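Reading through the structure tokens given below for one structure.
Since this is a predicted model, take the numbers as computed values, not measurements.
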Amino acid sequence: MSDTPAIDRHSHNPLVRYFRILGPGLITGASDDDPSGIATYAVAGAALGLGMLWTAPATLPLMAAVQLICARIGLVTGRGLAGVIRGRYPRPLLYAACLLLLVANVFNIAADLAGMADASQMLTGVPSLLSIPVFGALILLATVYLSYPRFARYLKWLTAVLLAYVLAAFLARPNWWHVALATFTPRLAWDSTYITTLVGVLGTTISPYLFFWQASHEVEQEKAQGRRTLAQRRGATAHELADARLDVFTGMFFSNVAMFFIMLATAVTLHPAGRTEIETSRQAAEALRPLAGDLAYVLFALGLIGTGLLAIPVLAGSASFAVAEVFGWRSGLDLTPRRGRRFYLVFAGAVAAGMLLDLAGTNPIRMLFVCAVLNGLLAPPLLFLVMLVSRNRAIMGEHANGPWLNGLGWTATAVMSLAALAFFATAW
């Protein structure tokens with residue numbers, strides 16, 4: 001382990017210590033409820049009522065385990081996920097993993113930008129084709145020329161708007177006995193609508209880009225503490241691993257709370273009214289009417305735009321980290337544009353490719369949902385790779401997965417794989 005002193009986060013006050021250790025896991029959790037996630041959960045609630053509520057508690061241990069595994073890879077090896085694969089596995093495997101990540105991320109960026117622009121148009125009337133490049137340029141400039149951690153520190157408060165769904169769900173006065181039954185007794189259905197929605201919910205909850213981001217963000221945090229070389233970063237103390245566990249679980253817990261109440265609010269407001277198909281941001285915002293009346297549109301737009309501004313740098317950043325690690329380039333969101341020229345070119349290229357995809361004029365809400373389904377289909381091979389790395393003692397040493405992480409990680413891989421196979425089986 002490095003001799004460089006870490007930032008002292010072990011206050012005698014447990015509450016102070018708790019807030020000090022929150023970092024990569026909390027940002028990852030906030031980014032998980034991106035516009036694609038919000039739209040997918042809203043579509044699930046509107047289309048299937050309470051039928052998908054069970055996925056919130058069911059996926060929490062799985063997504064927390066996967067993100068903790070990725071965090072441990074970054075902490076123990078001092079490298080991002082692609083960098084670890086580059087050093088230990090055949091190059092074709094690395095290139096295939098990066099290609100899958102790039103495809104998923106560019107499509108996700110396009111969908112998130114389209115969703116943000118649609119929400120903005122709902123409030124301002126400004127056409128999406130004008131606001132998409134504005135949002136794209138704003139994200140590029142803010143990420144390249146400002147500190148992303150500082151940028152994220154303020155933006156994450158915009159995601160607090162998602163708590164409005166909690167209040168809206170309570171004000172809609174659902175039958176809580178029915179809610180409890182739907183939450184803890186899954187009712188599966190073998191039809192294309194149910195299976196496609198399930199794949200979308202899983203894909204936007206256990207998303208490929210978060211695997212790469214979590215590991216790389218842990219490395220970035222260590223660099224911020226002065227551990228600039230690989231030798232200084234390699235290895236992890238019991239305190240660091242315990243902090244990462246608490247940080248990751250906190251982020252995933254709040255992410256899944258938002259997921260649960262978005263589905264519940266739409267299930268008890270839109271579904272009973274026969275609004276089972278959501279095509280616009282205005283329709284999705286109707287779920288907040290029990291709380292905010294006409295201000296529902298403002299709350300929904302703020303939530304969608306805020307989560308998009310937070311998530312798109314994560315999407316483009318995870319792609320940039322992966323490509324930089326493949327070719328051995330300098331990487332880091334703390335680099336100046338000159339020192340990180342190639343890293344930021346990949347970042348800008350991912351955002352620009354997303355903007356170009358939006359020229360196709362696809363329905364934004366539909367695009368956000370399809371993006372979640374795509375993530376669900378691409379996640380299984382990347383999860384398999386994550387599990388191979390994390391259980392490899394030549395890479396992880398004494399910190400290779402224990403029984404619990406192995407069990408939950410392979411369960412997540414199996415669930416995502418079975419859902420993808422079911423999707424193809426019911427698609428025809």
Side-chain angles (χ1 to χ4, degrees), residues 25 28-29 32-34 36-70 162 165-166 169 174 176-191 193-208 210-211 214 245 248-268 271 369 372-373 375-380 382-384 386-387 403-423 426:
T28 301
D32 193 38
D33 289 322
D34 66 341
S36 176
I38 295 171
T40 300
Y41 303 144
V43 166
L48 300 173
L50 304 177
M52 280 286 157
L53 287 185
W54 64 270
T55 58
T59 58
L60 176 58
L62 302 183
M63 67 186 294
V66 168
Q67 292 309 130
L68 180 57
I69 287 169
C70 295
L162 296 180
Y165 280 98
V166 179
W176 290 104
W177 173 245
H178 291 167
V179 171
L181 284 177
T183 302
F184 299 107
T185 56
R187 293 184 181 179
L188 303 177
W190 188 258
D191 64 72
T193 299
Y194 187 95
I195 296 298
T196 301
T197 306
L198 177 61
V199 171
V201 169
L202 291 175
T204 199
T205 305
I206 305 175
S207 301
L210 295 178
F211 312 159
Q214 185 77 55
R245 185 166 58 247
V248 166
F249 186 80
T250 298
M252 299 308 109
F253 176 77
F254 283 111
S255 172
N256 272 39
V257 167
M259 165 191 179
F260 179 86
F261 280 102
I262 292 171
M263 287 194 289
L264 178 56
T266 51
V268 297
H271 185 75
F369 178 73
V373 175
N375 276 326
L377 298 177
L378 295 180
L382 293 174
L383 272 172
F384 185 78
V386 166
M387 293 307 297
W404 280 105
L405 280 181
N406 251 339
L408 289 171
W410 284 118
T411 299
T413 306
V415 167
M416 299 294 284
S417 300
L418 289 172
L421 289 174
F423 172 83
T426 57

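Closest heavy-atom contact between Pro174 and Ala169: CD-O, 3.1 Å. Of all heavy-atom pairs spanning Cys70 and Val386, the tightest one is SG-CG1, 4.0 Å. A pairwise comparison of heavy atoms in Pro208 and Leu378 identifies CG-C, 4.4 Å as the closest pair.
The backbone N or O of Met263 sits less than 3.5 Å from a side-chain atom of Thr266, completing a donor-acceptor pair. Checking side-chain atoms of Gln67 against main-chain N and O of Leu210 turns up a donor-acceptor pair under 3.5 Å.
Inter-residue side-chain proximity for Val179 and Trp176 is flagged as met; some heavy-atom pair is nearer than 4.5 Å. Looking only at side-chain heavy atoms (C-beta outward), Ile69 and Met387 come within less than 4.5 Å of each other.
Within a 6.0 Å sphere centred on CH2 of Trp177, heavy atoms belonging to other residues, nucleotides or ligands number 12 at most.
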What pairs of donor and acceptor atoms, side-chain ones from residues 403-423 against any protein atom, are under 3.5 angstrom apart with sequence neighbours left out?
unit_1 : atom_1 : unit_2 : atom_2 : d
Thr411 : OG1    : Gly407 : O      : 2.6
Thr413 : OG1    : Gly409 : O      : 2.9
Ser417 : OG     : Thr413 : O      : 2.7

Using atom types as modelled, flag every donor-acceptor pair under 3.5 Å from a side chain in residues 39-59 to any protein atom, sequence neighbours excluded.
unit_1 : atom_1 : unit_2 : atom_2 : d
Thr40  : OG1    : Ser36  : O      : 2.7
Tyr41  : OH     : Thr205 : OG1    : 3.0
Trp54  : NE1    : Gly51  : O      : 3.1
Trp54  : NE1    : Tyr194 : OH     : 3.2
Thr55  : OG1    : Met52  : O      : 2.6
Thr59  : OG1    : Thr55  : O      : 2.6
Thr59  : OG1    : Ala56  : O      : 3.4
Thr59  : OG1    : Asn256 : ND2    : 3.1

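For the side chain to side chain contact (heavy atoms under 4.5 Å, CB included) with Thr426, the lone residue among Ile195, Val199, Thr193 that qualifies is Ile195.
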With side chain to side chain contact (heavy atoms under 4.5 Å, CB included) as the criterion, how do Met63 and Ser255 come out once you've worked through the C-alpha distance, each side chain's angles and the decisive distance to 0.1 Å? CA-CA 10 Å; Met63 67 186 294; Ser255 172; 4.1 Å; yes
Under the side chain to side chain contact (heavy atoms under 4.5 Å, CB included) criterion, do Phe369 and Thr204 qualify, and how do the steps go? CA-CA 9 Å; Phe369 178 73; Thr204 199; over 6 Å; no
Run the side chain to side chain contact (heavy atoms under 4.5 Å, CB included) check on Tyr165 and Leu264 step by step: do they pass? CA-CA 8 Å; Tyr165 280 98; Leu264 178 56; over 6 Å; no
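Between atom CD1 of residue Ile206 and atom CE of residue Met252 there is a gap of 10.5 Å, rounded to the nearest 0.5 Å.
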